[in-house]
Amino acid sequence: MNAAAMTESQFTLAELAAGEQLFLRPWKFIKGVVGLETLPVDGRPEIALAGRSNVGKSSLINALVRNGNLARTSNTPGRTQELNFFAPADDSLYLVDMPGYGFARAPKEKVEAWTALVRAYLGGRPRLRRVFLLIDSRHGLKPPDLEIMGMLDTAAVSYQIVLTKADKPPPRALAEFAAATEKALAHHPAAFPSVLVTSSEKGTGIAELRAAVAAIAAE
Ligand code: GDP
């Protein structure tokens, strides 16, 4: 099974078209949030993206919205420790870019601040419909990923693993890794059973991720 086959079968043509439609018009940066008191209060559905620093989260957001610059906003100094909110032109939902975690040399205070914000957000946000948890397809699940998966399981927040940089490993290794990850997910009650395989560089799985976002927003 190759990477394309792994993702293609999960969506109907109508779902892919809805995803295409949602991301056709320009997306905009709404705001960066450092404390729960400044979270948006308008009640629209939210879908968050989380992952270790350097997993390819900015590249994936830019690929989704077809804008090479949008997620740079979240990567500018001062914004990397915020929950950054993006919205489509029709204001139907928020995509939330969560601060990257797992920097080996991050100062202790920074890690604690990150953990407090993320725990509070994940544990107390009913309108959060799903978290896409990005995992580098060469590296697999690491302790910081398992920690956030535990947090999501405890908070009963639905999450789905998105493998990034799928152009890097050989196809066979990628397929084996995707299968092993799906097997491991059976032990995580809040995890979506299938993974999405993506490459921002090659465009693999981007249409499928757009379809997933549109389907969740429309639920
Ligand atoms: P972030 O820290 O999670 O926002 O990660 P970035 O999007 O900044 O990407 C980190 C590094 O991975 C950069 O050097 C990117 O060029 C590279 N990268 C991101 N996505 C891909 C991909 O799909 N394929 C490959 N080969 N490299 C990627």
Side-chain angles (χ1 to χ4, degrees), residues 2-8 19 23 27-34 47-86 94-107 110-111 113-115 117-118 121-122 130-149 152 159-175 177-178 181 195-213:
N2 64 31
M6 276 188 280
T7 54
E8 263 165 21
F23 285 89
W27 279 60
K28 56 205 170 192
F29 173 68
I30 304 295
K31 63 151 122 182
V33 168
V34 284
I47 295 169
L49 293 114
R52 297 170 73 210
S53 303
N54 219 38
V55 72
K57 186 152 55 64
S58 310
S59 305
L60 192 64
I61 293 172
N62 288 340
L64 280 173
V65 302
R66 298 187 184 83
N67 177 341
N69 281 319
L70 191 69
R72 193 174 288 166
T73 322
S74 348
N75 258 355
T76 49
R79 290 222 179 273
T80 54
Q81 293 300 305
E82 299 179 348
L83 298 166
N84 287 298
F85 282 71
F86 299 96
Y94 288 118
L95 264 191
V96 184
D97 184 5
M98 298 184 68
Y101 56 86
F103 248 140
R105 282 176 308 213
K110 214 171 157 184
V111 175
W114 181 89
T115 309
L117 176 64
V118 166
Y121 174 69
L122 295 178
R130 189 174 301 172
V131 175
F132 287 110
L133 183 58
L134 277 47
I135 303 291
D136 189 315
S137 46
R138 297 163 304 168
H139 300 159
L141 298 171
K142 299 285 183 199
D145 303 315
L146 294 167
E147 198 177 315
I148 196 168
M149 287 164 72
L152 291 162
Y159 62 98
Q160 183 164 18
I161 302 289
V162 175
L163 303 183
T164 61
K165 308 187 191 181
D167 55 287
K168 290 253 189 181
R172 193 190 167 121
L174 176 66
F177 173 58
T181 306
V195 302
L196 285 168
V197 179
T198 66
S199 161
S200 305
E201 199 147 302
K202 300 274 186 247
T204 314
I206 302 301
E208 288 76 10
L209 187 53
R210 289 189 189 123
V213 169

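Numbering of ligands and ligand atoms starts at 1, following listing order. Basis for what follows: all heavy atoms, side chains included, without hydrogens, waters or symmetry-related copies.
- The aromatic rings of Phe85 and Tyr94 lie perpendicular to each other, with more than 60° between the two planes, well past the 30° mark.
- When the heavy atoms of Ser137, Gly205, Ser200, Pro99 are ranked by distance to atom 23 (O) of ligand 1, first place goes to Ser200.
- Residue contacts with ligand 1 for Lys202 are absent, since no atom lies close enough (heavy atoms, distance under 4.0 Å).
- Considering backbone and side-chain N/O of Gly56, one or more are found under 3.5 Å from N/O of ligand 1.
- At least one heavy atom of Ser199 sits less than 4.0 Å from an atom of ligand 1.
- Looking at Ser53 next to ligand 1, no N or O pair under 3.5 Å apart turns up.
- The side-chain heavy atoms of Thr204 and Asp167, taken from C-beta on, include no pair separated by under 4.5 Å.
- Near Ser59, with a cut-off below 4.0 Å to any heavy atom, the atoms of ligand 1 are 6 (P), 7 (O), 9 (O), 19 (C), 20 (N).
- Ligand 1 lies within reach of Asp167, whose nearest heavy atom is under 4.0 Å from it.
- Using a 4.0 Å cut-off to heavy atoms of Lys168, the atoms of ligand 1 that qualify are 25 (C), 26 (N).
- Residues Asn84 and Leu95 are not in side-chain contact: their nearest non-hydrogen atoms beyond the backbone lie 4.5 Å or more apart.
- At least one side-chain heavy atom of Met98 sits under 4.5 Å from a side-chain heavy atom of Tyr121.
- Atoms of ligand 1 lying under 4.0 Å from at least one heavy atom of Asn54, given by number and element, are 1 (P), 2 (O), 3 (O), 5 (O), 10 (C), 11 (C).
- Every residue two or more places apart in sequence or in another chain was checked for a ring-ring contact (aromatic ring centres under 6.0 Å, His included) with Tyr159, and none qualifies.
- Between Val33 and Val96, every side-chain heavy-atom pair lies at or beyond the 4.5 Å cut-off.
- Atom numbering of ligand 1 starts at 1 in the shown order; those under 4.0 Å from a heavy atom of Glu201 are 22 (C), 23 (O), 24 (N), 25 (C), 26 (N), 27 (N).
- Under 4.0 Å is where a charged nitrogen must lie from a carboxylate oxygen, and between Arg52 and Asp136 no such pair does.
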